[in-house]
Amino acid sequence: MMKRGELCEEEETLFLSHSPSSPTQNSWSHYHNLFPGDSSSSSSRLSLRSPSDYSLSSYFSNGQCNGSSQFTPTTKYDHGLSLCESLLHRLNIREEEEQEFNNYSVPSFSPWRSCVGSLSNHHQGSSGNKIHPRLRDLQGYVYLMAKDQHGCRSLQRVLEDGSSIDAMVIFNEVIPHVVELMINPFGNYLMQKLLDVCNEEQRTTIILIVTSEPGLLVRIALNPHGTRVVQRLVESIKTKKQIYLVTSALRPGFHNLAINVNGNHVIQRCLQCLITQDNKFIFEDATRFCIDIATHQHGCCVLQKCVAYSTGQQREKLITQISRNSLFLAQHPYGNYAVQFIIEMRDFQATAMVLARLKGHYVELSMQKFSSHLVERCLTHCAESRPQIVLELISVSRFDLLIQDPYANFVIQAALSVTEGSLHAYLIEVIRPHSNLRRNPYCKGIFSRNLTRK
């Protein structure tokens, strides 16, 4: 029978684990259970031969959290959580036990308690004021947290709610891994947040790193995760030095960026956030690669934005280049949008240049899927071009084929909608003799209209 004052082995172990007078024994006994493994000598600079080797920093640096290690835990994960989450959950439980045992007035601090998953809420003391994480205690594995879904979210909260010192600690930890984190599925979000809160000196340091190697910033911008960071970088740059470094790094890859599903957003963000003078390289290269960009799925959007944001001679050069090739572009699946954009600008000089190229080709353009849309735009937005277009359409030898065409019939309907007076009457006189085609599926839209004089 156990005497009063004697502790059973289990209770003695629990008491020692809670005793503040034995920190070494506490750390070793706890982490030894969490991280079973060999503590033999190793050539790795992070491998130690003491109980401290089984700390969090050693555990993460050995790759056991991300699955790169052959380590297999002997215990079952709690509640179906991942290895990292199960580990942090156990650390949280242990911290709560220590807190209850020692009866602290202010909860003891655990860096992971405030920086991971559901444990990310800051503790509040008796005064109700938030106690921000002491990130100096996390040195060594902030970078690893940045690549974890929950850790990254928690670091972002620290940047939002913490002080400039907290931001500096995070900055110092991640700066050697800037490029890697920018293209990381989780790390890119931390880099975006860091660009928002960092000072100009820190932002310049980041820019110097991503522009240190030719083509590096372009490769980041082409990445589905990196493009978000580069866009945020463009939004945040302010000084002339920063703008020069970024634009100089992007210019050699303009063509690739403009036609890339990710990169084109970087070019568009430059157009939105930078002044015209800083975007000069974009306008020059857009004029140079006008046809290649206009005939690309993503490039056609970039070209339209270039025309919209350009001014003076830069806009004139772009419009001239598009107008010269308007007949070819009008028949292209993507190029026709660039020509339509010029027409919708309602710039008299620009429109005149396009109409001069299309003159004499309205019939063939009306019978094609993509160019028929452009002819409709010309009828709608260019009143001065309507007589020319209508006369070309009704002068065709087989007008009946035109109104039965899957695409040209829509052009005829548009002409009926916008024409007036003698021109409208002339068009109706040409259509009426073909009333026997009213049951044709492509002619219904034409004969369903009130074919009377306006």
Side-chain angles (χ1 to χ4, degrees), residues 294-295 300 303-304 307 319-435 437-438 440-454:
T295 53
C300 66
L303 186 61
Q304 293 175 57
V307 175
I319 292 177
T320 300
Q321 195 67 15
I322 296 173
S323 302
R324 287 176 179 175
N325 299 276
S326 57
L327 183 59
F328 165 74
L329 294 175
Q331 303 172 67
H332 192 274
Y334 303 117
N336 74 91
Y337 293 107
V339 186
Q340 288 186 52
F341 186 80
I342 299 298
I343 295 296
E344 292 172 355
M345 287 175 56
R346 298 181 182 273
D347 184 285
F348 179 79
Q349 185 176 0
T351 301
M353 295 175 65
V354 173
L355 295 177
R357 296 286 178 176
L358 301 181
K359 184 178 180 180
H361 301 278
Y362 288 115
V363 174
E364 60 179 289
L365 293 176
S366 299
M367 301 178 72
Q368 297 182 40
K369 180 178 180 178
F370 305 109
S371 55
S372 62
H373 293 286
L374 177 61
V375 179
E376 290 182 51
R377 292 292 184 277
C378 291
L379 286 168
T380 304
H381 297 285
C382 309
E384 68 279 4
S385 69
R386 291 169 189 167
Q388 176 65 36
I389 297 174
V390 172
L391 289 176
E392 285 192 28
L393 294 176
I394 64 180
S395 62
V396 66
S397 57
R398 294 292 305 273
F399 186 75
D400 58 320
L401 297 179
L402 197 63
I403 61 177
Q404 296 179 75
D405 187 81
Y407 308 114
N409 79 88
F410 291 105
V411 177
I412 300 298
Q413 292 181 52
L416 287 170
S417 299
V418 299
T419 53
E420 296 178 346
S422 59
L423 185 62
H424 183 74
Y426 193 14
L427 181 58
I428 291 177
E429 290 179 5
V430 177
I431 294 175
R432 278 178 177 172
H434 304 284
S435 58
L437 297 174
R438 66 173 60 250
N440 186 287
Y442 297 116
C443 298
K444 287 182 178 180
I446 297 175
F447 288 100
S448 64
R449 295 175 176 272
N450 184 16
L451 299 181
T452 58
R453 295 183 179 181
K454 285 187 179 180

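Reckoned from all heavy atoms, side chains included, excluding hydrogens, waters and symmetry mates. Each residue takes its place number in the sequence, starting with 1.
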> To the nearest 0.5 Å, how far apart are SG in Cys382 and CZ in Arg377?
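Here the interatomic distance stands at 11.5 Å.
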> Considering non-hydrogen atoms only, spot the tightest contact between His332 and Phe370 and give its length.
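Looking at all heavy atoms of both residues, the closest pair is O-CB, 3.8 Å.
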> How close do Gln304 and Tyr337 get, counting heavy atoms only, and between which atoms?
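Closest approach of Gln304 to Tyr337: NE2-CB, 3.6 Å.
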> Which distance, rounded to the nearest 0.5 Å, do you find between the OG of Ser372 and the CG of Asn409?
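Those atoms lie 9.0 Å apart.
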> Quick check: does any side chain N or O of Asn325 sit under 3.5 Å from a backbone N or O of Ile322, one acting as donor and the other as acceptor?
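It does not hold such a pair.
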> For the pair Glu392 (side chain) and Tyr362 (backbone), establish whether a donor and an acceptor sit closer than 3.5 Å, ignoring hydrogens and angles.
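Side chain of Glu392 to backbone of Tyr362: a pair is present.
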> If you look at every heavy atom in Cys300 and Tyr334, which pair is closest and at what distance?
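Reported closest heavy-atom pair: CB-O, 3.8 Å.
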> Using side-chain heavy atoms (C-beta onward) and a distance below 4.5 Å, is Asp347 in contact with Ile342?
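Contact flag for Asp347/Ile342 side chains = no.
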> Leu402 and Ala408: which non-hydrogen atoms are nearest, and at how many Å?
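Minimum heavy-atom separation between Leu402 and Ala408: O-CB, 3.3 Å.
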> Are any of the side-chain heavy atoms of Cys378 and Ile343 separated by less than 4.5 Å?
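A side-chain contact under 4.5 Å exists here.
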> Less than 4.5 Å apart, any side-chain heavy atom of Leu303 and any of Phe341?
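Heavy-atom side-chain distance check fails, nothing below 4.5 Å.
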> Is there a donor-acceptor pair closer than 3.5 Å between any side-chain N or O of Arg324 and the backbone N or O of Ile319?
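Not confirmed, Arg324 side chain does not pair with Ile319 backbone.
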> Counting only heavy atoms not in Phe399, do more than 12 fall under 6.0 Å of its CZ?
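Enclosed: over 12 neighbouring heavy atoms sit under 6.0 Å from CZ of Phe399.
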> Hey, could you give me the CE/OG1 distance between Met345 and Thr351, rounded to the nearest 0.5 Å?
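These two atoms lie 8.0 Å from each other.
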> Any idea which heavy atoms bring Ser435 and Phe447 closest together, and the distance?
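Scanning both residues completely, I find the closest heavy atoms to be CA-CE2, 3.4 Å.
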> Is the shortest side-chain heavy-atom distance between Leu416 and His424 below 4.5 Å?
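Leu416 reaches His424 side chain to side chain.
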> Output the distance between atom CG (Asn336) and atom CD (Gln368), rounded to the nearest 0.5 Å.
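That separation rounds to 10.5 Å.
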> Could you tell me if the side chain of Gln388 sits less than 4.5 Å from the side chain of Leu355, heavy atoms only?
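In short, these two side chains do not touch, never coming nearer than 4.5 Å.
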> Would you say the side chain of Leu327 lies within less than 4.5 Å of the side chain of Leu365, judging by non-hydrogen atoms?
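Yes; the side chains approach each other to less than 4.5 Å.
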> What is the distance from atom CD1 of Ile389 to atom CD of Glu376, rounded to the nearest 0.5 Å?
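Atom-to-atom, Ile389:CD1 and Glu376:CD are 10.5 Å apart.
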> Donor-acceptor pair, Ser371 side chain versus Met367 backbone, under 3.5 Å?
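Checking the backbone N and O of Met367 against the side chain of Ser371, no donor-acceptor pair under 3.5 Å is found.
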> Evaluate the side-chain proximity of Leu393 to Val375: yes if any heavy-atom separation is below 4.5 Å, no if none is.
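Not touching, per the 4.5 Å side-chain cut-off.
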> Is the shortest side-chain heavy-atom distance between Ser366 and Asp405 below 4.5 Å?
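Answer no - side chains too far apart.
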> For the NE2 atom of His381 and the CD atom of Glu344, what is their distance to the nearest 0.5 Å?
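Going from the NE2 atom of His381 to the CD atom of Glu344 covers 4.5 Å.
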> Yes or no on side chain to side chain contact (heavy atoms under 4.5 Å, CB included) for Thr295 and Phe328, after CA distance, side-chain angles and deciding distance?
CA-CA 10 Å; Thr295 53; Phe328 165 74; 3.9 Å; yes
> Looking only at heavy atoms, what is the nearest atom pair of Arg386 and Thr380, with distance?
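For Arg386 and Thr380, the tightest heavy-atom pair comes out as NH2-O, 3.2 Å.
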> Please answer whether the main-chain N or O of Met353 pairs with a side-chain N or O of Ser323 as donor and acceptor at a distance below 3.5 Å.
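Not at all, since once roles are kept as given, no pair shorter than 3.5 Å links the two residues.
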